[in-house]
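Contents: one structure, followed by commentary.
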Protein chains: 2
Amino acid sequence: MKISVGLVDDHQLFLKSLGLMIENFDECKVAVMAMNGKDLQERISSNDPPDIILIDVSMPVMDGIDTAKWLTQNYPFIKLVALSMNDSDRIIIEMIKAGCCAYLLKDTHPNELEKAIHEIYTKGYYNSDVININYRRLLQEQNDPLNITENEKLFLQLACSDLTYKQIGIEMHLSERTIDGYRENLFHKFKVQSRVGLVLEAIRKNCVKLNP
Amino acid sequence: MKISVGLVDDHQLFLKSLGLMIENFDECKVAVMAMNGKDLQERISSNDPPDIILIDVSMPVMDGIDTAKWLTQNYPFIKLVALSMNDSDRIIIEMIKAGCCAYLLKDTHPNELEKAIHEIYTKGYYNSDVININYRRLLQEQNDPLNITENEKLFLQLACSDLTYKQIGIEMHLSERTIDGYRENLFHKFKVQSRVGLVLEAIRKNCVKLNP
DNA sequence: TTAAAAAACGGGAAAATCCCCGTATGAGGA
DNA sequence: TCCTCATACGGGGATTTTCCCGTTTTTTAA
């Protein structure tokens, strides 16, 4: 009996060719391929779910974290593997928290992928060496969470623009003083001392989305 | 005689599996695979170069643009295809300028890739519909270059920080007034009206590098 | 229910930003 | 040679940001 593998990735070329590669692994067969979490929900069959699902982190419609969470909820026996290009960011931790038992980079060697799938299937876990480097920093960030309010988050998004604080206040239907409070709180949380510093830090930490 | 294809991509999983897929295309064979431009320079054989090379845009060591330029210089008969995930940015134009005759997204369908390779081999070009949408804007940006001074560039980099203009002036050994002039010029060039707007636009246009 | 915590709000002031006004200097072209 | 243009610089003032000092209202917890 082969290991049944599922794939979720928004890049068709990668999805299809990775599927082809995994089909070529002796022990594996591809059970389901999906473009994103939403797509997976429709394609996954409840009476014959795959053993392992590889999930890309960054996807439109329904991203890796939400997909992993949904799978842990609805298919707790499926082993989840996060697949990503950027080893940076505490997104790794988010994915682990969402139920992934491994985190692989897209530039790992095919052999390592095969080994990882095998180990996860037999032992239930796999640790890639590459990741461990940043582990301490990641856990540290995790222990010291930013803890940003919903309103602060909205303010942060609006602060990443040409708008003045007064305009942001009007936009959020709040007094300029309240906005002032948000600013001050975020300055402390991000350890910065100017709006520019705040914006830069928010971008680095992926707290805001830049519209092109 | 099969079409000989070369691949350049820093993500091993993608590189290897895409290679596998292209080998499966009836008309194609994979002649060379490389992790980046530097790697390609060493692997490419001058007596039997491939017909077509697919180049990923974002790579470490030697990126897609430099790789394409080098290939157009040294192997002008090889057809180049840019391969990328983000259709945004005028990087597309840069790649075309560097000698690419097509620009494909990583989420195109395998069939379209096969079709593209075939058309490029027979006709010498291929136009994906997806790209044409932004063409006008891209060309317009190209016609209206930003034309940023060396000093303005340095100022821009320093403006992306917690530093005040006064501190930036000291850092650059220039008067605060002069800095003021740089600011004003860049505000016009970037069509913004605040330092935050300037910083955001500079990040969008890849004029500055964010240190993590 | 009541005390404590937090969120929202306000006045005021120093600092920084933004945007005018101008002058001086040096390089390059008519 | 003189003129233009780009660059560096300065004064000054309106606006915004930043950071104090508070009070009132709402939420939370005991």
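Chain identifiers are assigned alphabetically (A, B, ...) following the order of the sequence lines, protein sequences preceding nucleic acid strands; residue numbering begins at 1 within each chain. Treat the numbers as computed from the prediction; the structure is a model and nothing was measured.
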Here the distance between atom C1' of C:dC18 and atom CG of B:Asn185, to the nearest Å, is 14 Å

A:Met172 CE - C:dA8 C1' separation (whole Å)
12 Å

Below the 4.0 Å mark, does C:dC9 have OP1 or OP2 next to a side-chain nitrogen or oxygen of A:Thr178?
yes

Suppose we screen for side-chain hydrogen bond (donor to acceptor under 3.5 Å, both in side chains). Which residues come up paired with A:Gln193, at least two apart in sequence or across chains?
B:Asp162

Has B:Asn151 got a side-chain N or O lying under 4.0 Å from the OP1 or OP2 atom of D:dA8?
yes

Salt bridge (charged side-chain N to carboxylate O under 4.0 Å, His left out) involving B:Asp39 - partner list, sequence neighbours excluded:
B:Arg43

Using five base pairs at each end to define the local axes, how bent is the helix from C:dT1-D:dA30 to C:dA30-D:dT1, to the nearest 10°?
40°

Between D:dT7 (P) and B:Glu150 (CD): distance, integer Å:
12 Å

For A:Ser4, check side-chain hydrogen bond (donor to acceptor under 3.5 Å, both in side chains) against everything at least two apart and list the hits.
none

Scan nucleotides 24-27 of chain C against the protein and return all N/O pairs shorter than 3.5 Å with their distances rounded to 0.1 Å.
none

A:Glu184 atom CD is separated from C:dA6 atom C1', nearest whole Å, by 15 Å

Please report, rounded to the nearest Å, how far the C1' atom of C:dA7 is from the CG atom of A:Leu186.
14 Å

Under the side-chain hydrogen bond (donor to acceptor under 3.5 Å, both in side chains) test, which residues partner B:Asn185, sequence neighbours left out?
B:Glu152

If you draw the axis of the six-membered ring of B:Phe190, does the NZ or CZ of B:Arg204 fall within 45° of it and under 6.0 Å from the ring centre?
no

B:Arg177 backbone acceptor or donor facing B:Ser175 side chain under 3.5 Å
yes

Protein-nucleotide distance (A:Ile179, atom CD1; C:dA8, atom C1'), rounded to Å
10 Å

Using the test salt bridge (charged side-chain N to carboxylate O under 4.0 Å, His left out), find all partners of A:Arg183 that sit at least two apart in sequence or belong to another chain.
A:Asp180

Separation of B:Phe155 atom CZ from C:dC18 atom C1', in whole Å?
12 Å

Quick one: list whatever passes salt bridge (charged side-chain N to carboxylate O under 4.0 Å, His left out) with B:Lys79, sequence neighbours left out.
none

Listed by chain and number, what are the ring pair (Phe, Tyr, Trp, His ring centres under 6.0 Å) partners of B:Phe14, not counting sequence neighbours?
A:Phe14

Are there any protein N/O atoms within less than 3.5 Å of an N/O atom in nucleotides 11-18 of chain D, and if so, which ones and at what distance?
from, atom 1, to, atom 2, distance (Å)
D:dG12, O6, B:Arg177, NH1, 2.7
D:dT17, OP1, A:Arg195, NH1, 2.9
D:dT17, OP2, A:Tyr165, N, 3.0
D:dT18, OP1, A:Arg195, N, 2.7
D:dT18, OP2, A:Tyr165, OH, 2.5

Over how many whole Å does the gap from A:His188 atom NE2 to D:dC20 atom P extend?
8 Å

State whether A:Tyr182 places a side-chain N or O below 4.0 Å from either non-bridging phosphate oxygen (OP1 or OP2) of C:dA8.
yes

Can you name the residues that form a side-chain hydrogen bond (donor to acceptor under 3.5 Å, both in side chains) with A:Asn74, not counting sequence neighbours?
none

If you compare every side-chain N and O of A:Ser175 against the phosphate oxygens of C:dA8 (OP1, OP2), does one of them come in below 4.0 Å?
no

Contacts satisfying ring-ring contact (aromatic ring centres under 6.0 Å, His included) that involve residues 32-70 of chain B (not counting sequence neighbours) are B:Trp70-B:Tyr75

State whether B:Asp56 and B:Lys106 are salt-bridged, where the test is any N-O pair (Lys NZ or Arg NE/NH1/NH2 against Asp/Glu carboxylate O) under 4.0 Å.
yes

